[in-house]
S.K.: 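First, the structure itself, so that you have it in front of you.
From a predicted model like this one, the values you see are computed outputs, not experimental measurements. Counting starts at 1 for both ligands and their atoms, following the listed order.
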Amino acid sequence: MATVTLNQFDKTYNPEKKDSFHAVKGINLEIRDKEFMVFVGPSGCGKSTTLRMIAGLEDITGGALKIGEQIMNDVEPKSRGIAMVFQNYALYPHMTVFDNMAFGLKLNKTPRDEIKRRVDEAADILGLTTMLERKPKALSGGQRQRVAVGRAIVRKPDVFLFDEPLSNLDAKMRVQMRTEISRLHNRLNATMIYVTHDQVEAMTMGDRICVMKDGNIMQVDEPLKLYNDPQNMFVASFIGSPPMNFFSGHCIEENSAHYFVESGSKQGAPFKVRLIHRLAQAARKQNNRPTVFGVRPENIQISEVAGDETIEATIDVAEPMGAESYLYLNTPTGKSFIAKVEANHVFNIGQSVHLRFNQERAALFDEETEAVVK
Ligand code: ATP
């Protein structure tokens with residue numbers, strides 16, 4: 001069993017010094033046995049620090065790390081049952097692929113024939129069999145990264161740790177390696193923890209995703225749950241591209257119907273949309289508190305007719321993408337937003353359109369706490 005449990009897991013760099021920095025703020029997380037967990041978040045959110053603490057490359061300054069049933073805080077990295085794959089591959093340039101992969105096993109005094117068996121098996125899985133005698137400089141970026149993964153596989157760890165392993169590869173190779181690592185996870189059935197700042201990698205690879213910001217966990221969920229049911233505005237805007245549109249305003253009740261009313265501006269009249277039952281319930285709770293209406297670009301459609309569930313907007317830029325078009329729009333108050341609509345319309349700059357929000361997929365957030373209101 002290789003569950004990884006973080007309990008009040010905390011990191012302060014340079015504690016008690018002037019330049020001390022609280023990078024990870026007492027996070028709690030259980031990564032399940034055989035799970036592929038992705039840590040994602042913007043630069044500096046603490047995801048690499050968390051991974052490096054699990055690996056034993058950084059001291060844990062507070063809380064506990066458990067792998068299986070054992071507390072690992074003070075256990076040496078090599079005895080934690082983990083193997084890490086780094087962004088920069090960290091291969092020895094003077095060694096062959098075989099020796100790079102065998103290095104850790106040799107240090108552990110693994111018998112020679114066992115080393116050969118394990119390296120051959122990993123090379124076979126990774127398509128490196130014909131390259132075992134080459135040096136790293138004779139390999140492409142993708143092949144080098146495969147060697148780094150192979151070096152982790154031969155150690156048969158309970159937990160694989162990946163720190164942005166695909167960042168140095170070109171876009172095409174990244175997509176290919178992404179599928180290879182997912183396939184590897186299915187084949188090896190090991191617990192894997194993967195750090196990336198790329199939300200597409202996170203969405204496509206993770207069984208679950210842990211979204212971090214400023215050393216805190218913002219939400220941990222399965223990819224589609226994160227996408228469809230974000231708990232706060234940060235997750236709503238970080239997951240999904242282009243990001244979710246946010247409109248500031250407040251909710252009102254008129255003749256037993258609930259409406260969201262955009263904040264006003266000098267430029268033009270704010271929009272007002274009638275809310276469906278689910279959002280009306282949230283609106284009732286908000287009771288005139290500043291509220292944000294969130295809707296993804298793909299959940300805004302062109303409407304032929306105006307009504308109390310549509311808004312009017314002006315097209316600023318139209319980008320035909322082939323399968324769909326991106327419209328950059330402005331509400332009459334001057335608020336910019338994006339819609340992703342079917343490509344079978346022809347759009348003109350400056351054209352005024354009626355739009356309908358798919359409210360089944362929209363959310364209301366409290367403007368102050370940024371938490372979703374349900
Ligand atoms: P990136 O994607 O840019 O690597 P990250 O989310 O992985 O970002 P971390 O590397 O975990 O971020 O860093 C978290 C914070 O801790 C950052 O603000 C960083 O400046 C700070 N930090 C990292 N290493 C040290 C260190 N050795 N001493 C002081 N502060 C550090």
S.K.: Is any N or O atom of Gly44, backbone or side chain, closer than 3.5 Å to an N or O atom of ligand 1?
M.R.: yes
S.K.: I'd like to know if the side chain of Arg146 and the backbone of Gly127 have a donor-acceptor N/O pair within less than 3.5 Å.
M.R.: no
S.K.: Is Gly215 in contact with ligand 1, taking contact as a heavy-atom separation below 4.0 Å?
M.R.: no
S.K.: For the pair Glu180 and Arg183, find out whether any cationic side-chain nitrogen is under 4.0 Å from an anionic carboxylate oxygen.
M.R.: no
S.K.: So which heavy atom in the protein is nearest atom 15 (C) of ligand 1, and how far is it from that ligand atom?
M.R.: Phe21 CE2, 3.5 Å
S.K.: How about Asn255: does its CG atom have over 12 heavy atoms from other parts shown lying under 6.0 Å from it?
M.R.: no
S.K.: With rounding to the nearest 0.5 Å, note down the distance linking CD in Glu121 to OG1 in Thr129.
M.R.: 11.0 Å
S.K.: Hey, is atom 20 (O) of ligand 1 touched by any protein heavy atom at less than 4.0 Å?
M.R.: no
S.K.: Measure the spacing between NE2 of His354 and CD1 of Ile302 and express it to the nearest 0.5 Å.
M.R.: 10.0 Å
S.K.: Quick test: of every protein heavy atom, which one is nearest to atom 2 (O) of ligand 1, and how far off is it to 0.1 Å?
M.R.: Lys47 NZ, 2.7 Å
S.K.: Would you say the side-chain atoms of Glu35 pair up with the backbone N or O of Arg32, donor to acceptor, closer than 3.5 Å?
M.R.: yes
S.K.: Between ligand 1 and His197, can you find any atom pair, the residue atom being a heavy atom, that is separated by under 4.0 Å?
M.R.: no
S.K.: With only distance considered, is Cys45 within less than 3.5 Å of ligand 1 through an N or O on each side?
M.R.: yes
S.K.: Can you tell me if Gly41 has a non-hydrogen atom under 4.0 Å from ligand 1?
M.R.: no
S.K.: Based purely on interatomic distance, does Ser48 place a nitrogen or oxygen under 3.5 Å from a nitrogen or oxygen of ligand 1?
M.R.: yes
S.K.: Please check: side-chain N/O of Arg278 versus main-chain N/O of Glu360, any donor-acceptor pairing under 3.5 Å?
M.R.: yes
S.K.: Quick one: look up the protein heavy atom nearest atom 26 (C) of ligand 1 and list residue, atom name and how far away it is.
M.R.: Tyr13 CD2, 3.3 Å
S.K.: Name the closest protein heavy atom to atom 13 (O) of ligand 1, giving the residue it belongs to and the distance to 0.1 Å.
M.R.: Thr49 OG1, 3.6 Å
S.K.: Quick test: of every protein heavy atom, which one is nearest to atom 3 (O) of ligand 1, and how far off is it to 0.1 Å?
M.R.: Ser43 OG, 2.6 Å
S.K.: Need the ligand 1 atom indices (1-based, order shown) with element for anything under 4.0 Å from a heavy-atom of Pro42.
M.R.: 6 (O)
S.K.: With a cutoff of 4.0 Å, is Glu164 in contact with ligand 1, counting heavy atoms of the residue only?
M.R.: yes
S.K.: Output yes when a side-chain donor or acceptor of Asn245 lies under 3.5 Å from a complementary backbone atom of Ser336, and no otherwise.
M.R.: no
S.K.: So that I can tick it off, tell me whether Arg289 and Asp366 are bridged by a salt bridge, with the cut-off set at under 4.0 angstrom between side-chain N and carboxylate O.
M.R.: yes
